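A quick note: this is a predicted structure, and the numbers were derived from the prediction, not measured. Throughout, a chain's letter reflects where its sequence line sits, starting with A, and its residues are numbered from 1. Only this structure's heavy atoms are used, side chains among them; waters, hydrogens and symmetry mates stay out.
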Amino acid sequence: MDYNFLEIEKKWQAWWAANKTFKAEADGSKPKYYVLDMFPYPSGAGLHVGHPLGYIASDIFSRYKRLKGFNVLHPMGYDAFGLPAEQYAIQTGQHPEKTTHQNVARYREQLDRIGFSYDWDREFRTSDPDYYKWTQWAFLKMFGCWYDNDIQKARPIEVLEAAFAEGGSAAVNAACGEHAPFTAEEWKSFTDKEKADILMQYRIAYQGESTVNWCPALGTVLANDEVKDGYSERGGHPVFQKKMVQWQLRVSAYAGRLLDGLDRLDWTDSLKEMQRNWIGRSQGAEMVFKVVNGDRQYDMTIFTTRADTVFGVTFMVLAPESEWVEKLTTAAQRAEVDAYLAAVKKKTERERIAGKAVTGVFSGSYAINPLTGDKVPVWIAEYVLAGYGTGAIMAVPAHDSRDYAFARKFNLPVIPLIEGADVSEESFDAKEGRMINSGFLNGLDVKEAIPAAIDYVEAHGIGHRKVNYRIRDAIFSRQRYWGEPFPIYYKDGIATPVPFDRLPVTLPEIDEYKPTESGEPPLARAKDWNYEGYPFEKSTMPGFAGSSAYYLRYMDPHNDEALVSPEADKYWRNVDLYIGGTEHATGHLIYSRFWNKFLYDLGYVCEDEPFRKLINQGMIQGRSNFVYRIVGTNTFVSAGLKDGYETTEIHVDINIVRNDRLDLEAFKAWRPEYADAEFILENGEYICGWAVEKMSKSMYNVVNPDRVCDTYGADTLRLYEMFLGPLEQSKPWDTKGIDGVNRFLRKVWRLFWDRDKWLVTDEAPTADELKALHKLIGKEQEDIENFSFNTTVSAFMIALNDLQGCSKRAVLEPLLILLSPFAPHIAEELWHQLGHEDSITYASFPEYHPEYTVENTVKYPVAFNGKTRFLVDLPASMAPAEIEGAVRAHENTQKYLGDMTIAKVIVVPGRMVNVVLKK
RNA sequence: GCCCGGAUGGCGGAAUUGGUAGACGCGCUGGACUCAAAAUCCAGUGUCCCUUAAAGACGUGCGGGUUCGAUUCCCGCUCUGGGCACCA
């Protein structure tokens, strides 16, 4: 019998599906283990060989954990809402549902060929109404809650209303927007609309005005993580800053908990660091400056981390979008300020970042330094951001490089505050040195001066300590069609939730997927779409909405009563191992943690963090091939000879190149213009050049997993993807090495079959065979637990070299079990050929006996002053003193000694012997 | 600019965390089998010196240091991948 992988793989994939081999059910008698992949967005291009890398790793781990006796939950589904399907719909008029369906079908087909051990009974799409019902449900819960800063927890809005009725706005310490304070009596006298507007400032899902990333080309707002270098992540269109009213999630309320929670997670340091930077905690103080515009005076609050530098404030700066701009622009400066604001508004986000030009305008007003009483001008400049702190700063040019650049440009004074700091050329930003020119702070070190300044400010009622976070509330509405509709309708202008029992609010049919002529979102086209006559919210939710709690839904995917039942939640708890790319570091992985913490506050889930351990698989890059055409001809010169000619480098389809050798006939057939191509060969072959690039259609370097499965089989694909290198590292796909792992599997097969002769015997294994086997068991166990899959594959190959010709059942059975997580099809086939009726999935991981692997003798390298001279073969059991004696007595020792004497001998048992010489 | 990470043969990558650097695989060279090819098997394969071998020297991006001993630890660079980027 031959190793017919095509037949074997088809057979067992069908068998696993029919027998529901990987069905997971809550089972209190076994420990649970939840392995999750970041579910894919099913794009039209299908999977390339890079996509399954993480899936293969998680599948190996799942199968390994099953062998180790765990009840493994390993589900898969699709993140099905999103822009590409909608853009395609706009162009073709096809319903996004339809293209999504087709893409999902193709993904499923490709995934099935690789032999994953998913429990497909738990599959869902985020665009299924049965699923997004629970996305809407969670949104309504957030709408119905506020965040209590005192107990650091989300609470029902009714509690807040009661508190307002009891003690007015001063009764609570909440994460909220701005509004005028009110008493209990005032609260009771408010109209419904007034109350609704106030409560909206407190809700965790709220509607509020803020500066947002507006992308005109996509016709929608975008979250910060969806903007890269000033362009939209999807499509690369320019993005502008704009003030708009949008639905938002009060993620910022959870900033502290999101930060602290990181310490308890088993994630890579780099990923945690990314989240820490994104959350951006900074400790400082808020201070009040009196500002004067003519005869009007106001209190303006600013945030600073350097309260110690207040004696060096020589001007103040407002963000162009700040509400203070209006109040502080004097009549004389009005025209100039308006011109500046107009110019800023026209700039794209990209231009604002890239230019880094120092621009600004004087408002005409002045501020009074609360410590010195000095009068300093108030400027408006785009380098101050509206969204951070209070949108206004005190400028200390001597000790802040941005303020310094501004002061130089507009000729504002610079007052040095630190002894010895030379600020004639640049600012001195470091937090070190002794204070000068700073009144009561003089003589203190900066590190002492900061708290001393804040203490003073607090004592004199000028300000107070404050922690600020960079993380913003998440903009939660998109002016698009293909997303979850909001379960919100408008009654008398008040945003009102749809009752739970009327969920889901499903997407209506519309004639076109574009915004309306008047610029309303596509959902405004829907006819008769309302709640009992009241209009629905016309925006839809963003992409991250559906992916924020999907790991919870997998625990109980068919439950119509709850997102997840308390029983299922208590059993599966949270994800033990999550594998996916780093690109979600500041998006999905933050939102999910926020979402989970919110549900935790309300008692719907029992774990505070969703993903216990997280691994980021690296990218698989393409390996492109090139041919070199001599300029002006149709003659192609082989890579080794190209330097002798003037050539153009042309990407060539890697499918007609094998081991960098071009298939000349296939090349001529590839494109009509190459039909009569001529070649200059080296050694009779055309050698192509190569380079590592991103895998993409335009570079003709895309490797399709289906093709690999056709020519080598899924088991080879799985093994090879792991063998390529460390999981977390990016690496190029190089088809060259794949023959090696394929050869390995065929060798495994040949331990069972010599053509048609069945080789397996019941003989007892030898000591050497047991040694090879147990070395492998030990290695595999250790490597898999450390996610070092590439070295495990090497260990298989080493074991096979050691076990040449060993066809003993007692060795082959455990070997198949060990192999089954990596190459499940061949393992399952041979397992059944050995007479087993049940799947190898239910076998137990072989027990490791290290005693079989112990060596009888050790080759000790003998080094003289660290330089190795010879090896001595000594019994492993020999004591260090005996080893020393044996080495001293060895003839070679005497030979190398010369006129030197032995100072001392260092013996590392089992490792080496070092002889230290002296004259 | 700031914060992480990486650099090892012709190539992908190992190295038990301070103990024979280059495991394993690819590629290449030679051989066996074959009419021949494929497949398979065996041997060799870091560099230099050399007819060959023995022996030796050099060798983990560069320059120093600690140590009997450094790919591994410390100091100073170079190159490179990634993340953040006016966050006061």
Side-chain angles (χ1 to χ4, degrees), chain A residues 228-229 268-278 280-282 284 302-306 309 317 319 352-353 355-358 381-385 387-396 399-403 405-406 429 468-472 582-583 585-586 616 618-619 623 659-660 690 719-720 723-726 728-741 743-744 746-747 750 778-779 782 788 790-801 804 859-871 903-908 910-918:
Chain A
K228 287 265 173 317
D229 295 329
T268 59
D269 290 338
S270 71
L271 194 76
K272 286 189 195 178
E273 204 52 37
M274 261 190 240
Q275 289 214 340
R276 285 195 189 103
N277 290 341
W278 191 259
R281 182 180 199 272
S282 77
I302 57 95
F303 175 75
T304 180
T305 53
R306 293 293 300 274
T309 60
V317 190
R352 255 179 102 154
I353 297 168
K356 270 199 183 168
V358 182
E382 58 182 329
Y383 83 88
V384 174
L385 304 176
Y388 184 74
T390 60
I393 61 152
M394 64 179 210
V396 185
H399 302 291
D400 182 288
S401 53
R402 296 153 301 183
D403 297 344
F406 196 81
D429 291 15
N468 254 332
Y469 294 96
R470 279 163 70 169
I471 193 169
R472 312 291 160 83
T582 15
E583 66 272 22
T586 51
N616 297 115
M619 254 197 339
R623 188 177 186 280
N659 290 351
D660 288 338
W690 61 273
L719 223 36
Y720 186 56
F723 186 61
L724 227 37
E728 309 198 49
Q729 193 175 302
S730 284
K731 58 238 159 187
W733 178 269
D734 186 346
T735 310
K736 268 200 241 167
I738 201 165
D739 291 306
V741 292
R743 207 165 285 156
F744 161 76
R746 293 202 308 260
K747 281 188 200 167
R750 284 206 308 273
K779 180 82 174 147
E782 191 188 319
S788 175
N790 55 326
T791 51
T792 317
V793 180
S794 295
F796 281 130
M797 293 175 172
I798 295 168
L800 204 69
N801 287 342
Q804 257 180 49
K859 282 194 191 312
Y860 283 92
V862 177
F864 291 88
N865 287 343
K867 298 279 180 194
T868 309
R869 292 301 159 92
F870 59 92
L871 298 173
K904 62 175 170 174
V905 178
I906 301 162
V907 175
V908 183
R911 292 257 184 261
M912 57 89 62
V913 178
N914 194 11
V915 181
V916 184
L917 300 178
K918 65 173 185 202

Heavy-atom closest contact (A/G389 atom, A/F303 atom, distance) = CA-CB, 4.3 Å

Do A/M274 and A/T582 have side chains that get closer than 4.5 Å, going by heavy atoms?
-> yes

Verify the contact: side-chain N or O of A/Y383 to OP1 or OP2 of B/rA88, cut-off strictly under 4.0 Å; return yes or no.
-> no

Rounded C1' spacing from B/rC24 to B/rG18 in Å = 24 Å

Touch class at under 4.0 angstrom, heavy-atom based, for A/I393 against every strand present | base

Where each pair must be Watson-Crick or G-U wobble with both distances under 3.5 Å, what dot-bracket representation of RNA chain B is obtained, with crossing pairs in [ ] and other-strand partners as |?
-> (((((((..(((......[....)))((((((.......))))))(((.......)))..(((((..]....))))))))))))....

Taking B/rC4, B/rC84, B/rA39 as options, the one with an atom nearest any side-chain atom of A/R746 is B/rA39

Return the value, rounded to whole Å, for the distance between atom CD of A/E583 and atom C1' of B/rG83.
-> 13 Å

Gap between atoms NZ and P, on A/K736 and B/rC28 respectively (whole Å) = 8 Å

Expressed as a whole number of Å, how far does the C1' atom of B/rU20 sit from that of B/rU60?
-> 15 Å

Looking at every strand, decide which applies to A/R281 at a 4.0 Å heavy-atom threshold: base, sugar-phosphate, or nothing.
-> nothing

Assert: residue with more 5' nearest nucleotide on RNA chain B, out of A/I471 and A/S788, is A/S788

Pick the C1' atom in B/rG10 and in B/rG27, then give their distance to the nearest Å.
-> 8 Å

So what does A/Q729 hit on the nucleic acid, given a heavy-atom distance under 4.0 Å: a base, only sugar-phosphate, or nothing?
-> sugar-phosphate

Check every atom of B/rC24, B/rG13, B/rA88 against the side chain of A/N790 and return the nucleotide holding the closest atom.
-> B/rG13

Selection from B/rA88, B/rA15, B/rG83 that lies nearest to any side-chain heavy atom of A/M274 | B/rG83

Residues, nucleotides or ligands: over 12 heavy atoms within 6.0 Å of A/N801 CG | yes

If we only count heavy atoms from C-beta on, is the A/L724 to A/Q729 side-chain gap below 4.5 Å?
-> no

Which part of the nucleic acid, if any, lies within contact of A/P732, taking any heavy atom under 4.0 Å across all strands shown: a base, the sugar-phosphate backbone alone, or nothing?
-> nothing

Quick one: A/K731 NZ to B/rG25 C1', roughly how many Å, whole number?
-> 15 Å

Is the glycosidic torsion of B/rU17 within 90° of 0, making it syn, or is it anti?
-> syn

Please measure how far the C1' atom in B/rC2 lies from the corresponding atom in B/rA85, and state the result in whole Å.
-> 8 Å

Do we see a donor-acceptor contact under 3.5 Å between the side chains of A/S401 and A/D429?
-> yes

A/T304 or A/S794: which one's nearest nucleotide on RNA chain B is closer to the 5' end?
-> A/S794

Of all the heavy-atom pairs spanning A/R306 and A/M394, show the shortest one and how long it is.
-> O-CE, 3.5 Å

Looking only at atom P, what distance separates B/rA54 and B/rG46, rounded to whole Å?
-> 13 Å

Quick one: does A/I738's side chain get under 4.5 Å of A/W733's, heavy atoms only?
-> yes

Which word best sums up how the rings of A/Y383 and A/F406 line up, parallel for under 30°, tilted for 30 to 60°, or perpendicular for over 60°?
-> tilted

Gap in Å between the two C1' atoms, one belonging to B/rU34 and one to B/rC41, rounded = 13 Å

Name the orientation of the base relative to the sugar in B/rG9: syn if the glycosidic angle is within 90° of 0, else anti.
-> syn

Checking B/rG25, B/rC84, B/rA88 against the side chain of A/T305 (C-beta onward), the nearest is B/rA88

Reckon A/R743 has a side-chain N or O less than 4.0 Å from the OP1 or OP2 of B/rU40?
-> yes

Reckon A/N468 touches a base, only the sugar-phosphate, or nothing at all at heavy-atom distances under 4.0 Å?
-> nothing

Side chain of A/T791: nearest nucleotide among B/rA14, B/rC84, B/rA88?
-> B/rA14

Answer yes or no: does a side-chain N or O of A/S282 lie under 4.0 Å from OP1 or OP2 of B/rA88?
-> yes

Where the side chain of A/S270 is defined as all heavy atoms beyond and including C-beta, which of B/rC86, B/rC4, B/rA23 is the nearest nucleotide?
-> B/rC4

Taking A/K747 for the side chain and A/Q804 for the main chain, is one N or O donor matched with an acceptor at less than 3.5 Å?
-> no

Heavy atoms under 4.0 Å, any strand shown: does A/I906 hit a base, just sugar-phosphate, or nothing?
-> base

Find the distance A/Q804:CD to B/rC42:C1' and express it as a whole number of Å.
-> 10 Å

Write down the distance between CZ (A/F723) and P (B/rA23), rounded to a whole number of angstrom.
-> 12 Å

Worked check of side-chain contact (heavy atoms from CB on, under 4.5 Å) between A/T735 and A/Y720 | CA-CA 9 Å; A/T735 310; A/Y720 186 56; over 6 Å; no

Considering only the P atoms, how many Å lie between B/rA23 and B/rA43, rounded to the nearest integer?
-> 15 Å

Can any side-chain N or O of A/D403 pair as donor or acceptor with the backbone N or O of A/V396 at less than 3.5 Å?
-> yes

For A/D429 and B/rA85, what is the distance between atoms CG and P respectively, to the nearest whole Å?
-> 19 Å

A/H399 NE2 to B/rC86 P, in whole Å, measures 23 Å

How far, in whole Å, is B/rC11 from B/rC75 if one measures between their P atoms?
-> 31 Å

Is any side-chain N or O of A/R750 closer than 4.0 Å to OP1 or OP2 of B/rC41?
-> yes

So, is A/R470 close to the B/rC84 phosphate, meaning a side-chain N or O under 4.0 Å from OP1 or OP2?
-> no

Can you check the A/E273 CD to B/rA85 P distance for me, whole Å?
-> 14 Å

When we call it a touch if two heavy atoms are under 4.0 Å apart, what does A/K747 touch: a base, just sugar-phosphate, or nothing?
-> sugar-phosphate

